[in-house]
Amino acid sequence: MKEKLLEMLSENESGFVSGEKISKHLGCSRTAIWKHIEELRKSGYEVEAVPRKGYRIKTRPNTISPHEIKVYLQTEKIGQELTYHESLPSTQEVAHRLAQEGAVEGHVVIADEQTSGKGRLGRVWHSPIGTSISMSIILRPKVSPQKAPQLTLLAAVAVVRGIEKTTGLQCSIKWPNDILLNGKKIVGILTEMQSEPDYVHSVIIGIGINVNHKREQFSSELREIATSLAIAKGEEVSRAKLMSSVFYELESLYEQYLLEGFDVIKPQWESYAISLGKRIVARTIQGTIEGVAKGITNDGVLLLEDDDQVVHQIYSADIEIK
Ligand code: BTN
């Protein structure tokens, strides 16, 4: 009932919805409506009630509950199924389990807080409560497992676009999938796969975005290398709006990718890439290589030319731009 009421008020956000209309539509008494309005207020919605006019949402809480996300959702697949938890060790783990149990493509697992968020190369990812976006998106592309890294690059493009459309801020991508703003990390993407040697069961794209962190919420160490959208913009950003925007961009790019392949995604990724053409150091598990980043292959592999003009293919590494 509370969700239906929220839906009604959200559909008519610029005007008032009369008590009579609500009570007819939801088949409940005026007293019941009042009770649900009070519940909405407790969840952080500022609801105006004016005699003879009705009810109107004045301000919304900056939450990422499924009903808040659905207000902005414009997709057909991604985000239509949402699993929300206030706190989780990691959204990746839950998404893996749901994928194994047959979750549909586009199912997204969201948490308001992660207590052991997973980063790339075994690192920890911090997602403090109420400030971040932490989500894992389940995709089921009919491509070979070798092509899965392409989806990481595709996701990075979708996030950069979603951020730009929602906030006007322009981010760049450091290969393979670090998204930077003013030279500091703002988004991390971790792509994991459930597959057989020649068949992909699912690809789980984990996306962590620093949205409304204040400077003091980063440790002194992180403050040097990480930032948030709110710090850059000087005001809070709606997490639900941003999430829906990322879903929309991801769905468009993914459809394009399934129809036309990575060839159409690659130039879009390159247009945001900051490492290309620059001198970089790549730290891989096999060792460290320094040289110039020449480009990426169609499989999303980084081509690095060292000082002896030998071109190395880098599949996974930590990149430092010199
Ligand atoms: C990186 O190291 O840059 C990747 C960080 C990925 C973090 C996201 S947050 C949502 C999802 N759940 C996790 O535990 N990790 C990913």
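If you're wondering where the values come from, they're calculated on a predicted model, not measured in any experiment. Note: hydrogens, waters and symmetry copies are ignored here, and every other heavy atom, side chains too, is used. As the structure lists them, so they are numbered: ligands from 1, and atoms in each ligand from 1.
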Just so I know, are the side chains of Thr131 and His213 near enough to count as touching, which here means a heavy-atom distance under 4.5 Å?
yes
Asp112 side-chain N/O to Thr63 backbone N/O, donor-acceptor pair under 3.5 Å
no
Could you tell me whether the side chain of Glu251 and the main chain of Lys77 form a donor-acceptor pair under 3.5 Å?
yes
What I want to find out is whether Glu38 reaches Lys42 closely enough, with some N-O distance under 4.0 Å, to be called a salt bridge.
no
By number and element, which atoms of ligand 1 are closer than 4.0 Å to a non-hydrogen atom of Lys185?
1 (C), 3 (O)
Hey, which atoms in ligand 1 end up nearer than 4.0 Å to a heavy atom of Met135?
10 (C), 11 (C)
When you compare ligand 1 with Thr91, is there at least one nitrogen or oxygen pair between them that comes in under 3.5 angstrom?
yes
If you apply the rule side chain to side chain contact (heavy atoms under 4.5 Å, CB included), what do you find for Ser244 with Gln74, and how did you get there?
CA-CA 7 Å; Ser244 310; Gln74 292 174 48; over 6 Å; no
Under 4.0 Å, heavy atoms only, figure out whether ligand 1 is touched by the backbone of Asn177, its side chain, both or neither.
neither
So is there a nitrogen or oxygen of Ser116 less than 3.5 Å from a nitrogen or oxygen in ligand 1?
no
Protein contact of atom 5 (C) of ligand 1 - nearest heavy atom, named by residue and atom, plus distance:
Trp125 CE3, 3.5 Å
Among protein heavy atoms, which lies nearest atom 9 (S) of ligand 1, and at what distance?
Gln114 NE2, 3.3 Å
What atoms of ligand 1 come within less than 4.0 Å of a heavy atom belonging to Gly117?
14 (O)
Any idea which part of Leu121 is under 4.0 Å from ligand 1, heavy-atom wise: side chain, backbone, both or neither?
neither
Please state which option from Lys118, Arg123, Arg120, Gln92 has its nearest heavy atom closest to atom 14 (O) of ligand 1.
Lys118
For ligand 1, which part of Glu93 has a heavy atom less than 4.0 Å away: the side chain, the backbone, both, or neither?
neither
Classify the ring geometry of Tyr257 against Tyr254: parallel below 30°, tilted from 30° to 60°, perpendicular beyond 60°.
parallel
Among all protein heavy atoms, pick out the one at the shortest distance from atom 8 (C) of ligand 1; state its residue, atom name and that distance to 0.1 Å.
Gly208 N, 3.6 Å
